[in-house]
Number of protein chains: 2
Amino acid sequence: MKEEKRTALIEEVLGTTRNQQQEVQALQDTIYVLGGKWRLPIINSLCNGNKRFREIERSIPGITTRMLSRELKDMEANQLIKRTVIDSFPVVVEYTPTDYCHSFGDIILEMIKWGKDHRARLKLSKR
Amino acid sequence: MKEEKRTALIEEVLGTTRNQQQEVQALQDTIYVLGGKWRLPIINSLCNGNKRFREIERSIPGITTRMLSRELKDMEANQLIKRTVIDSFPVVVEYTPTDYCHSFGDIILEMIKWGKDHRARLKLSKR
DNA sequence: CATACTGGTATACTTGGTGATACTGGTTAC
DNA sequence: GTAACCAGTATCACCAAGTATACCAGTATG
């Protein structure tokens, strides 16, 4: 028996492999749910208190009306946000994050942190 | 002057808006660097100690040889990983993460956590 | 000898995410 | 009255990301 295969067997028996598989699964699930360029920025914007369509749109550089519309619809269908039509005059539409949506908070925080560090690194290396 | 515009102006003067803009920037930067389905799973696999091409391939469900090959090349060009050819007999190729690569650790951790919670939630709601 | 492994490359194909642009019907500010 | 705002929808088209499949030369296993 080859050394590699023995190692593999031992790992399987001890459960290391299974844990790893579980983690890759979890990671891929999350990536799937967060798929695309716009999900996280939209969630972030909502969590920052933006509620109105154009308000959200303005808060995300590069997004088009079309993409925002599509994503919001999709996210509403997936219980990530709530769409409320306020029967005032004129009618106002508000989007609010659900609790489920807030559960992405830590991921977003870490990604913002990474992005900021990244910028800092680039500035340093330019000097 | 409309109430909304006043609020916007006040926010801009006080800096809230600028901070938000900075954060969206950072977030979008990170999303860009991590772009695609495979980056994070590959980084995760490498950080878990997988070094060999087929080893990494096996550790990521669904990835094809082609995508792995492309991503590894790209990541090497971007200093995320190091490719080492070990001059043994037969020749062996090893991929190892750089420090830079390790800086994604926290993001990955949070995403794995989310994915696991997500599965747990689904199981609960099925009962 | 056959089979399966290693570290990939080559070719052909598809698809959906995204961009660009325009439009609607109503409201409000100047 | 006209210009700009609101909350979107419609249509067209592109292309990078991804899939599928086969292939290579070499090595180890039984």
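In what follows, chains are A, B, ... by sequence order, proteins preceding strands, each numbered from 1. Everything numeric in this text was worked out from a predicted model, so none of it was measured.
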Q: Examine distances only and state if a side-chain atom of A:Asn50 and a backbone atom of A:Leu46 form a donor-acceptor pair shorter than 3.5 Å.
A: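 Looks like no, no N/O pair under 3.5 Å.
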(Q) Tell me if a side-chain donor or acceptor on B:Ser59 pairs with a main-chain N or O of B:Ile56 at a distance below 3.5 Å. (A)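 Yes, the answer is positive, given that a donor and an acceptor are paired below the 3.5 Å cut-off.
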Integer-rounded Å distance: [N] [atom2] and [X] [atom1]:
X: A:Tyr32; N: C:dG16; atom1: OH; atom2: P; value: 11 Å
X: B:Lys51; N: C:dG8; atom1: NZ; atom2: P; value: 15 Å
X: B:Glu57; N: D:dT19; atom1: CD; atom2: P; value: 12 Å
X: B:Leu68; N: D:dA17; atom1: CG; atom2: P; value: 16 Å
X: A:Arg52; N: C:dT28; atom1: CZ; atom2: P; value: 11 Å
X: B:Met67; N: C:dT9; atom1: CE; atom2: C1'; value: 15 Å
X: A:Glu71; N: C:dT18; atom1: CD; atom2: P; value: 7 Å
X: A:Arg39; N: C:dG16; atom1: CZ; atom2: C1'; value: 14 Å

Q) Choosing from D:dT27, C:dT28, C:dG8, which nucleotide comes nearest the side chain of A:Pro90? A)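 My answer, after comparing the listed nucleotides, is C:dT28.
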Q: Would you mind telling me which residue lines up with the more 5' stretch of DNA chain D, A:Arg66 or A:Val93, judged by nearest nucleotide?
A: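 Its nearest nucleotide being more 5', the pick is A:Val93.
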Q) Considering heavy-atom distances to DNA chain D, does B:Arg70 or A:Glu55 have its closest nucleotide positioned more toward the 5' end? A)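 The residue closer to the strand's 5' end, by nearest nucleotide, is A:Glu55.
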Q.
I want to confirm an ordering. Mapping A:Gly36 and B:Arg83 to their closest nucleotides on DNA chain C, which one lands closer to the 5' end?
A.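 Its nearest nucleotide being more 5', the pick is B:Arg83.
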Check the phosphate of [N] against [X], side-chain N and O only, distance under 4.0 Å to OP1 or OP2. Yes or no?
X: A:Lys73; N: D:dT9; answer: yes
X: B:Ser69; N: C:dG8; answer: no
X: A:Lys37; N: D:dA17; answer: no

Q. According to the interplanar angle, ranging from 0 to 90°, do the rings of B:Phe104 and B:Tyr100 count as parallel (below 30°), tilted (30 to 60°) or perpendicular (above 60°)?
A.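 Tilted: the ring planes of B:Phe104 and B:Tyr100 meet at 30° to 60°.
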Q: Using distance alone, with no hydrogens and no angle criterion, decide if A:Gln25 and B:Arg119 have a side-chain donor and acceptor under 3.5 Å apart.
A: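 Yes - a donor-acceptor pair under 3.5 Å links their side chains.
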Q | Pairing residues for A:Arg83 by the side chain to side chain contact (heavy atoms under 4.5 Å, CB included) criterion, not counting sequence neighbours | A |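 Per chain and number, A:Arg83 pairs via side chain to side chain contact (heavy atoms under 4.5 Å, CB included) with A:Glu76, A:Val85, A:Val93, A:Tyr95.
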